[in-house]
Amino acid sequence: MSLAQYSQDSRQAPAIPALAPITRALSPLAEPLVRVTAGLLLVPHGAQKLFGWFGGYGIEATGQFFASKLHLPASLALLAGLIEFGGGLMLAAGLFTRPIAALVAGLMAVAVLQVHLGAGFFWTSGGFEYPLFWGIVALAFVLRGGGRYSLDALIGTEV
């Protein structure tokens with residue numbers, strides 16, 4: 001069976017037939033579940049940078065860290081915090097999903113390359129696996145958009 005035939009064939013037998021009605025009913029919620037979760041998991045990271053919440057250092061100290069340790073302009077701390085906090089909320093809501101997700105993906109690319117790459121792969125050692133994963137998730141929403149359960153769909157815009 002070709003890939004095109006496989007994706008069009010909805011008569012595939014479910015692995016666990018008893019669960020088929022449940023998975024059929026809930027499958028439209030899978031994509032918004034990932035979008036909302038990804039967005040909301042970004043928000044506390046932005047709050048750390050912007051407000052010093054959740055054990056963060058606030059905008060001034062984060063800016064100093066960006067400048068001294070990462071050799072990035074201190075003003076990028078504000079941009080990173082806004083993308084994570086405000087962009088996370090917008091991604092969760094599905095508002096301007098594609099451009100917001102593109103900003104998140106770009107931010108995660110910077111995090112991978114500028115902050116975590118030298119620490120190796122594993123997040124437990126400060127490595128790049130976590131920001132890489134969230135960057136790929138964001139990239140998927142750049143490609144896919146917010147979907148039918150998003151504010152983009154509600155207001156009739158697909159940016």
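This is a predicted model, so every value here is computed, not measured.
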Is there a path of hydrophobic side-chain contacts, each under 4.5 Å between heavy atoms of I, L, V, M, F, W or Y residues, that connects [X] with [Y]?
X	Y	answer
L33	L91	no
L40	L151	no
L76	L103	yes
L78	V104	no
L26	V36	no

Distance check, rounded to the nearest 0.5 Å: [X] atom [atom1] versus [Y] atom [atom2]?
X	Y	atom1	atom2	answer
I83	K49	CD1	NZ	10.5 Å
T37	R35	OG1	CZ	10.0 Å
L42	M90	CG	CE	13.0 Å

**Study point:** Pair V43-L89, side chain to side chain contact (heavy atoms under 4.5 Å, CB included): steps then yes or no
**Key:** CA-CA 7 Å; V43 171; L89 290 172; 3.8 Å; yes
Check your understanding: How about T97 and D152: does a side-chain donor come under 3.5 Å of a side-chain acceptor?
Key -> yes
Which donor-acceptor pairs under 3.5 Å do the side chains of residues 50-72 make with protein atoms, sequence neighbours left out?
residue, atom, partner, partner atom, Å
T62, OG1, G58, O, 2.6
S68, OG, Q64, O, 2.9

Contacts table for residues 124-148: side-chain donor-acceptor under 3.5 angstrom, sequence neighbours left out:
residue, atom, partner, partner atom, Å
E129, OE2, W123, N, 2.8
Y130, OH, W134, NE1, 3.4
R144, NE, E31, OE2, 2.9

**Study point:** Where P21 and P17 come nearest, the two heavy atoms and their spacing
**Key:**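 What the structure gives for the nearest pair is CD-O, 3.9 Å.
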Point to revise | Trace of the side chain to side chain contact (heavy atoms under 4.5 Å, CB included) decision for L79 with L107 | key: CA-CA 9 Å; L79 181 61; L107 178 64; over 6 Å; no
